[in-house]
Amino acid sequence: MSELYKQLIVWIEEKQPVKIKTDRGEATFLPVKLYKDARKLFVYNRKMRLINICLDHVISIEPARIYGSFDIREEQMVHTH
């Protein structure tokens with residue numbers, strides 16, 4: 001697990017999107033903070049919502065390639081007069 005922590009810190013510093021596979025499925029995230037003591041990884045999902053993932057449920061983490069912007073939030077209409 002120590003190697004995974006070291007790699008996660010590098011990916012966080014590089015702002016590298018990662019594909020995380022858990023027992024519930026897999027998705028692409030942008031990691032932002034790792035808490036080793038609590039075994040939690042804070043990440044942004046593609047809708048730019050901050051969530052945490054318990055590392056006890058993680059099966060694998062690998063770097064992901066993103067084409068275009070990571071943020072896929074829908075644009076809001078802004079009305080100006």
Side-chain angles (χ1 to χ4, degrees):
M1 197 52 97
S2 150
E3 279 299 313
L4 176 62
Y5 289 154
K6 289 177 187 174
Q7 189 60 57
L8 279 170
I9 291 168
V10 170
W11 288 332
I12 290 168
E13 289 173 355
E14 294 175 349
K15 296 179 174 56
Q16 170 70 50
V18 295
K19 185 182 295 184
I20 300 176
K21 185 176 183 180
T22 67
D23 48 8
R24 294 183 180 181
E26 71 178 45
T28 302
F29 299 100
L30 185 63
V32 290
K33 184 73 177 170
L34 172 65
Y35 289 97
K36 294 181 201 175
D37 297 342
R39 298 183 48 79
K40 297 229 181 238
L41 178 65
F42 283 79
V43 297
Y44 281 111
N45 65 10
R46 295 293 296 266
K47 293 182 180 176
M48 296 310 288
R49 290 210 176 129
L50 184 65
I51 61 173
N52 70 61
I53 297 175
C54 179
L55 293 176
D56 294 333
H57 302 290
V58 171
I59 296 169
S60 68
I61 301 177
E62 57 189 42
R65 190 166 205 59
I66 300 293
Y67 296 97
S69 173
F70 182 82
D71 184 358
I72 59 168
R73 289 180 290 187
E74 294 179 20
E75 292 183 24
Q76 302 293 322
M77 291 294 287
V78 177
H79 297 283
T80 58
H81 295 279

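Since the model is a prediction, treat every value here as computed from it, not as a measurement.
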Evaluation steps, side-chain contact (heavy atoms from CB on, under 4.5 Å), between F29 and L41:
CA-CA 11 Å; F29 299 100; L41 178 65; over 6 Å; no
ILVMFWY network linking I51 to L8, side-chain heavy atoms under 4.5 angstrom
yes
Separation between CD1 (I61) and CH2 (W11), nearest 0.5 Å, reads 7.0 Å
How long is the span from the OG1 atom in T22 to the CG atom in L55, to the nearest 0.5 Å?
11.0 Å
Shared hydrophobic cluster, Y5 / I20 (ILVMFWY, side-chain heavy atoms < 4.5 Å):
yes
If you look only at pairs with a residue in residues 29-40, which of them pass as a salt bridge (charged side-chain N to carboxylate O under 4.0 Å, His left out), with sequence neighbours excluded?
R39-D56
Taking every heavy atom of A64 against every heavy atom of Q16, the minimum-distance pair comes out as O-NE2, 2.9 Å
Applying a strict under-4.5 Å side-chain criterion to I, L, V, M, F, W and Y, I'd like to know whether I9 and L4 cluster together.
yes
V18 versus P31, closest heavy-atom pair with distance:
CG2-CD, 3.9 Å
Any side-chain heavy-atom pair from H57 and R24 closer than 4.5 angstrom?
no
Quickly, which of V43, I12, L50 forms a side-chain contact (heavy atoms from CB on, under 4.5 Å) with V32? Name it, please.
L50
Listed partners of Y44 passing ring-ring contact (aromatic ring centres under 6.0 Å, His included), at least two apart
none
What distance do R46 atom CZ and M48 atom CE have between them, rounded to the nearest 0.5 Å?
10.5 Å
